[in-house]
Amino acid sequence: MRVLMISKALVAGTSQRKLEELARYPDVELTLVTPPYWQSDDGSKQMLEQLYTSGYRMIVTPMLFNGHFHTHFYPRLGSIMREMRPQIVHIDEEPYNFATFQAMHFSQQYKAQALFFAFQNLYRSYPPPFRQLERYNYSHAATAIAGNQDAAEVLKRKGYRGTLHIIRQFGIDPDIYKRATPYHERAEGAPFMLGFAGRLVEQKGLPTLIEALTTLPSYCRALFIGHGPMKSNLEEQAARLGLSDRVLFKDAVPTYDIPKELQSMDVLVLPSLSRPNWTEQFGRVLIEAMACETPVIGSSSGEIPLVIDDAGLIFKEGNAQALSACVQQLLDDPARYRELATRGRQRVLEHFTQARIAQQTYEVYRSLLS
């Protein structure tokens with residue numbers, strides 16, 4: 001089967017392992033179309049990392065309106081599809097985006113089976129022309145993939161009537177995300193690092209993490225890895241609370257350095273806050289940390305409790321005292337700490353590997369051609 005995948009998300013090198021896993025299937029001839037970079041709305045630029053490229057073809061092609069989620073598209077996509085003549089077009093984009101409409105239109109022209117990916121887990125009505133694009137993609141898609149149960153329910157509520165599969169967008173490679181050195185018992189009074197890795201934006205609830213430090217032992221620290229508009233607010237909060245010496249910041253690192261950073265933390269905290277227009281869709285950093293046997297603590301926002309399940313701790317979003325209690329539980333019970341470290345990696349191996357995601361995706365491809 002000739003498969004064309006179109007994805008800006010795959011500029012991130014570690015995510016490309018899913019494609020290597022897909023390409024292992026002997027009947028899959030896989031090609032990826034991706035831009036040379038993606039311009040995030042926080043001003044950062046994710047350059048293409050060509051890390052895992054075995055077994056499939058990667059076409060790096062320009063993107064117009066790069067950084068604009070709804071309106072970006074690939075001006076050379078038509079010629080690429082005319083040359084390749086794919087049987088399946090996997091559009092790794094939301095159905096209301098112009099890039100999805102563009103790829104769907106060419107799929108109709110070249111008689112390919114097309115599918116889109118939906119991660120939007122809140123019901124939203126879009127103005128013209130995006131609502132019209134969404135309806136066109138609903139009616140012409142051969143099938144669809146939703147990244148979580150809420151996204152699947154949104155698709156149904158908005159009128160999508162085709163077949164639907166719930167598959168995570170990406171998993172992780174357990175050979176990349178793993179603990180490099182054995183865990184050593186922490187010495188009494190040694191620093192205990194509460195880490196966060198990601199964009200420093202309001203909806204991630206990061207002030208909750210700093211506030212939690214006020215009721216934790218003085219050897220507890222907070223480390224924020226990433227960049228974003230909330231950094232100055234967090235620095236001001238730490239100074240106001242007299243915690244500046246316990247709150248550390250580090251610039252964003254390449255995706256291939258994330259496993260090392262996660263292992264440097266004693267616990268990974270994802271304190272996301274739900275908003276009227278946003279709730280946590282997945283929390284990929286959770287499974288990355290779990291795979292590295294770093295225990296995780298997450299808020300009750302969106303998908304977080306479903307991702308963690310019983311392999312970590314959950315606190316009510318926005319409640320710094322509840323977060324502090326979770327941390328204290330791990331400080332007081334080393335056996336519980338080690339248990340969650342082990343359980344986290346086991347949960348990832350069972351549900352969230354790139355191989356598992358690739359297998360589920362391959363089964364969707366086969367169903368389209370059967």
> Roughly how far apart are Met1 CE and Gln87 CD, rounded to 0.5 Å?
Replying inline: 7.5 Å
>> Just by distance, no angles: are the side chains of Arg135 and Gln132 close enough, under 3.5 Å, to form a donor-acceptor pair?
In response: no
>> Can you confirm whether or not the ring centre of Tyr219 sits under 6.0 Å from the ring centre of Phe192?
In response: no
> In a check of side chain to side chain contact (heavy atoms under 4.5 Å, CB included) between Arg343 and each of Asp310, Ile308, Val348, which one passes?
Replying inline: Asp310
> What pair of heavy atoms forms the shortest contact from Trp38 to Met63, and how long is it?
Replying inline: CZ3-SD, 3.5 Å
>> Can a donor-acceptor pair be found, under 3.5 Å and without considering hydrogens, that links the side chain of Tyr160 to the backbone of Thr163?
In response: yes
> Under the salt bridge (Lys or Arg N to Asp or Glu O under 4.0 Å) rule, what pairs show up with a residue in residues 227-248, not counting sequence neighbours?
Replying inline: none
>> Atom CD of residue position Gln321 - does it have more than 12 heavy atoms of other residues, nucleotides or ligands inside 6.0 Å?
In response: no
> Parallel, tilted or perpendicular: which describes the rings of His72 and Tyr74, with under 30° parallel and over 60° perpendicular?
Replying inline: perpendicular
> Taking 4.0 angstrom as the limit, do Arg336 and Glu339 come out as a salt bridge?
Replying inline: yes
> Of all residues at least two apart in sequence or in a different chain, which pass the side chain to side chain contact (heavy atoms under 4.5 Å, CB included) check with Ile91?
Replying inline: Val89, Glu93, Thr100, Ala103, Met104, Ala114
>> Applying side chain to side chain donor-acceptor pair (under 3.5 Å) as the test, list every pair that has at least one member in residues 205-215; sequence neighbours left out.
In response: Thr215-Ser324
>> Minimum heavy-atom separation for Ser299 and Ser272, please, with both atom names.
In response: OG-O, 2.7 Å
>> Ignoring hydrogens and geometry beyond distance, is a side-chain donor-acceptor pair present between Glu153 and Gln149 at under 3.5 Å?
In response: yes
> Taking only residues two or more places apart in sequence, or in another chain, which ones meet Ile357 in a side chain to side chain contact (heavy atoms under 4.5 Å, CB included)?
Replying inline: Lys18, Ile167, Arg168, Gln360, Thr361
> Is a side-chain N or O of Asp309 found less than 3.5 angstrom from the main chain of Ala311, in a donor-acceptor match?
Replying inline: no
> If you take all heavy atoms of Leu209 and Ala222, which pair is closest and at what distance?
Replying inline: CG-CB, 4.3 Å
> Out of curiosity, Asn319 CG to Cys326 SG, how far, rounded to the nearest 0.5 Å?
Replying inline: 9.5 Å
>> Do Asp257 and Pro254 make a side-chain contact, defined as non-hydrogen atoms from C-beta onward lying under 4.5 Å apart?
In response: yes
> When the ring centroid of Phe117 is compared with that of Phe119, is the distance short of 6.0 Å?
Replying inline: yes
>> If only side-chain N and O atoms count, and only distance matters, is there a donor-acceptor pair under 3.5 Å linking Asp92 with Gln169?
In response: yes
> Considering all heavy atoms of both residues, which atom of Leu10 and which atom of Thr34 are nearest to each other, and what is their separation?
Replying inline: C-OG1, 4.0 Å
> Mind checking whether Pro271 and Phe196 have side chains closer than 4.5 Å, heavy atoms only?
Replying inline: yes
> For the residue pair Pro207 and Met230, what are the closest heavy atoms and their distance?
Replying inline: CG-CE, 3.8 Å
>> With a 4.0 Å cut-off on N to O distance, would you call Lys178 and Glu293 a salt bridge?
In response: no
Tabulate below the donor-acceptor pairs under 3.5 Å that side-chain atoms of residues 47-54 make, not counting sequence neighbours, or state none.
{"unit_1": "Glu49", "atom_1": "OE1", "unit_2": "Gly13", "atom_2": "N", "d": "2.8"}
{"unit_1": "Glu49", "atom_1": "OE1", "unit_2": "Thr255", "atom_2": "OG1", "d": "2.5"}

> Do we see a donor-acceptor contact under 3.5 Å between the side chains of Glu280 and Ser274?
Replying inline: no
> Can the ring centres of Tyr365 and Tyr362 be said to be less than 6.0 Å apart?
Replying inline: no
>> Quick check on side chain to side chain contact (heavy atoms under 4.5 Å, CB included): which of Val267, Leu213, Asp266 does Cys220 satisfy it with?
In response: Leu213
> Hey, are Arg179 and Thr294 close enough side-chain-wise for a donor-acceptor pair under 3.5 Å?
Replying inline: yes
>> Ignoring hydrogens, what is the shortest heavy-atom contact between Pro35 and Lys8? Give both atom names and the distance.
In response: CD-CA, 3.7 Å
>> Are there over 12 heavy-atom neighbours, none belonging to Phe65, within less than 6.0 Å of that residue's CZ?
In response: no
>> For residues 71-84, which residue pairs pass the salt bridge (Lys or Arg N to Asp or Glu O under 4.0 Å) check, not counting sequence neighbours?
In response: Arg57-Glu83
>> Could you measure the distance from the CZ atom of Arg24 to the CG atom of Leu19? Nearest 0.5 Å is fine.
In response: 12.0 Å
> OG1/Thr353 to CZ/Phe170 distance, rounded to the nearest 0.5 angstrom?
Replying inline: 14.0 Å
> Would you call Glu363-Arg366 a salt bridge at under 4.0 Å N-O?
Replying inline: no
> So does Arg356 pair up with Glu21, basic N to acidic O under 4.0 Å?
Replying inline: no
> Is the shortest heavy-atom distance from the side chain of Phe98 to the side chain of Phe69 under 4.5 Å?
Replying inline: no
>> Angle between ring planes, His70 versus Tyr126, binned at 30° and 60°: parallel, tilted or perpendicular?
In response: perpendicular
